[in-house]
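Every value quoted in this text rests on a predicted model; they were computed, and no experiment measured them. Naming convention: chains lettered A, B, ... in sequence-line order (proteins, then strands); numbering from 1 in each chain.
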Amino acid sequence: MLATLDASNAGDACTLVGWVHRRRDLGGLLFLDLRDRSGILQVSVGPAWSSAEGLAAAQGLGAEDVVRVRGEIALRPEEARNPEMATGDIEFRAHDIELLNRAATPPIPVFRGPEDELPGEDLRLRYRNLDLRRRELQENLILRHRLILTARNYFDRIGFVEVETPILTKPTPEGARDYLVPSRVHPGEFYALPQSPQIYKQILMTAGFDRYVQIARCFRDEDLRADRQPEFTQIDLEASFVEPDDILAWIEGLMAEMAAVAGVEAHPPFARLTWAEAMERYGSDRPDLRWDLELHDWTAAFSDTDAEILQSIIGSGGRVRGLRLAGGARLSRRQIEELEGVARKAGAPGLLWAKGSAEGGSGPLARWMGPGHWDATGAGEGDLLLVAAGPDGMTSPALSAVRGAVIRALELPKVREHAWLWVLDFPLFEEADGRLYANHHPFVLPHPDDLDRLEFDPLSVRGLAYDLVYNGSELGSGSLRVHDPALQRTILSLLGLSAEETEQKFGFLLEALASGAPPHGGIALGMDRIVKDFLGAPSLRDVIAFPKTTAARATFEGAPVPVAEGDLADLGIGLREPTGALKGAEPRDPE
RNA sequence: GGGGCUGUAGCUCAGUUGGUUAGAGUGCCGGUCUGUCACACCGGAGGCCGCGGGUUCGAGUCCCGUCAGCCCCGCCA
């Protein structure tokens, strides 16, 4: 490894291999920066120590050529040392140079000068092998490797067994769209790629693998985001005879070890909020607690208001909630309008605001406010109130979005650099289109205190579920699971599944639960997000070797692609609109 | 499915109100150069202005459509 060499190696004769990173030809003297995974070492080529063939070979080299150099490690002359460079005290005096493989002039540069911008992301993905030669991406992937290794060692040490589960699985009726895989042997029938190993790991519990872990690849056919890829990696685990605190403690221990590897601070035990507290104080189920700004409920204070709009909202069960920003009055009208835009985008009809001033205040809300209201909100001169009124389902997401925006607008100081948080007791169900949906998935164990309300007030039932949140990013999600087949049937029927559907779709799970299933629970952590957030990288693409584009394409190899009619026929598949399926990705080198 | 931003030389970008022959840096090619390290200097090649249509005497520039990349909403049990 080139960059592990230093002055102590001076005088060593050896052979080095690597890529030509850059060439500086001074005429009589010529320098090559030789690169490998470890870094860069300067190779100097000159008539005093290089063969005529070596000189000639060096003159013909270009960026990214692969070479083998025979020579000797030497201390650089005092005045030619480069303190900016890890190997800047030494150089490699080449005797002979052998070109192992010529590189075409790279379409995107691997070398990046101090003021060079990165090439466009489309090109970086199209020529991913070149992009991956850059030190930054190499370090990201190496950190990822070390984090996975840390996790595997950690779980091995505390008695977990890694078990692989199938990639060809059964389609799931709820949740994300499945990637489907046609069966050749059974034309017209399909496997699905797993959205997670959820059911398999529960079945492993019934099989007696009481501590299971897997670095599992998962697939969801949904639209992408900067923090969402269609295939991703989870640290997936499940254990029998556990309480939530067991899982939380294990994960806190894991995160402390992984964070240490990445140079991130994580000091268990982590903060805990119930879901209800998180929604009340931050309007979000994954609040970023690097800032301590909280929402307030001023419904009581405004119950006597003359503002008809507030009166009618309060009268219909809505609440008046908002943020108080010390010194926020310095925000301009225009900046506040931008915050209103943020609130509207998050579903609020608007945002009421008031600036506190010596004259009594200004802004649309201020005209409805008397001294009692100012006292109740605690706002004084120079402060800003941002208020939303309505049902919690509207004000929470709106004010959460405003909270984030105003933190940026006012550049509020962080109270901590690394904010770890558990969010507990999520509702078991949510309601949409007049029916129930599982909030997390249908296997979450209801909170024992709420069990008696399951059938007549299901929306009030909490689950024994927990999310791990780091700096406002959801890193993991888990729960205790239902192990009683009767309870599981009840929950599936609440979700609208008939007895027949239940048997057809989940019969194998229910059968396993009826075979002597231990109480069990687990969690799944988003491996890609952990690496991304530990690095502070802007996108998951920076921590995945071969990511997909936002349109779920792999542009390096060019997937997906249309397939030949005959291949489809073998699978019993006919295309409805063959022309539509044939547009798009073209093979890269169609020879 | 919807909204937004971007697309000009291999790469990163500039290009005025629509007006002559579309520029810069870098890379590439050729040359000079013995201590460079973003080497320096001299010379050169390199353009379907993403693609298609429209408006106009005239379009890189305006309009419509489309493709690609990115960000967001929906979606992500």
Judged by each residue's nearest nucleotide on RNA chain B, which is more toward the 5′ side, A/R541 or A/Y437? A/R541

Please report the distance separating the C1' of B/A14 from the corresponding atom of B/G25, rounded so that it comes out in whole Å. 11 Å

Among residues 70-77 of chain A, which contact RNA chain B at a heavy-atom distance under 4.0 Å? A/R76, A/P77

Any salt bridge (Lys or Arg N to Asp or Glu O under 4.0 Å) pairs touching residues 390-401 of chain A, not counting sequence neighbours? A/R319-A/D392

Test ring-ring contact (aromatic ring centres under 6.0 Å, His included) applied to A/H21 - qualifying residues, sequence neighbours left out: A/F111

Listed pairs, N/O of protein and of nucleotides 43-46 of chain B, under 3.5 Å:
none

Would you classify A/T172 as touching base, sugar-phosphate or nothing, given that sugar-phosphate means primed atoms plus P, OP1 and OP2, and contacts are heavy atoms under 4.0 Å? nothing

A/R112 and A/E117: CA distance, side-chain angles, deciding distance, salt bridge (charged side-chain N to carboxylate O under 4.0 Å, His left out) verdict: CA-CA 8 Å; A/R112 198 172 156 217; A/E117 294 292 324; 5.7 Å; no

For each nucleotide in nucleotides 2-14 of chain B, reading 5' to 3', give B when a protein heavy atom comes within less than 4.0 Å of its base, S when such contact involves only the sugar-phosphate, and - otherwise. --------SSS--

Please determine whether a side-chain nitrogen of the Lys or Arg among A/E231 and A/R217 lies less than 4.0 Å from a carboxylate oxygen of the Asp or Glu. yes

Rounded C1' spacing from B/G43 to B/A59 in Å: 35 Å

Quick one: list whatever passes salt bridge (Lys or Arg N to Asp or Glu O under 4.0 Å) with A/E78, sequence neighbours left out. A/R81

Paired nucleotide for B/A38 [Watson-Crick or G-U wobble; both distances under 3.5 Å]: none

If I pick the C1' atom on B/C5 and the same atom on B/G46, what distance separates them, to the nearest angstrom? 30 Å

Any strand, both distances under 3.5 Å, Watson-Crick or G-U wobble: B/U12 pairs with B/A24

Sequence neighbours excluded, which residues qualify as side-chain contact (heavy atoms from CB on, under 4.5 Å) partners of A/E121? A/R124, A/L125, A/R541

Cation-pi, A/Y437 ring and A/R435 (6.0 angstrom, 45 degrees): yes

Across the strands shown, which category fits A/F111 at heavy-atom distances under 4.0 angstrom: base, sugar-phosphate, nothing? sugar-phosphate

RNA chain B-proximal residues of residues 471-493 of chain A, any heavy atom under 4.0 Å: none

So which of residues 221-235 of chain A are in contact with RNA chain B, with a heavy-atom cut-off of under 4.0 Å? A/E222, A/D223, A/R225, A/A226, A/R228

Determine whether A/L451 and A/L487 satisfy the following criterion, side chain to side chain contact (heavy atoms under 4.5 Å, CB included), listing intermediate values before the conclusion. CA-CA 10 Å; A/L451 208 46; A/L487 177 58; 4.2 Å; yes

Residues two or more places apart in sequence or in another chain: which of them pass side-chain contact (heavy atoms from CB on, under 4.5 Å) with A/P391? A/M394

Taking atom P in both B/U61 and B/G15, what distance in whole Å separates the two? 14 Å

Of all of residues 80-91 of chain A, which get a heavy atom below 4.0 angstrom from RNA chain B, listed by number? A/A80, A/R81, A/N82, A/M85, A/E91

Heavy atoms within less than 4.0 Å of RNA chain B: which residues of residues 20-32 of chain A have one? Give them sorted by number. A/R22, A/R24, A/D25, A/L26, A/G27, A/G28, A/L29, A/F31

Complementary nucleotide for B/A68 - Watson-Crick or wobble, under 3.5 Å: B/U6

Closer than 4.0 angstrom, basic N to acidic O: yes or no for A/E222 and A/R220? no

With a 4.0 Å cut-off on heavy atoms, is A/A346 in touch with a base, just the backbone sugar-phosphate, or nothing at all? nothing

What I want to find out is whether A/K201 reaches A/D236 closely enough, with some N-O distance under 4.0 Å, to be called a salt bridge. yes

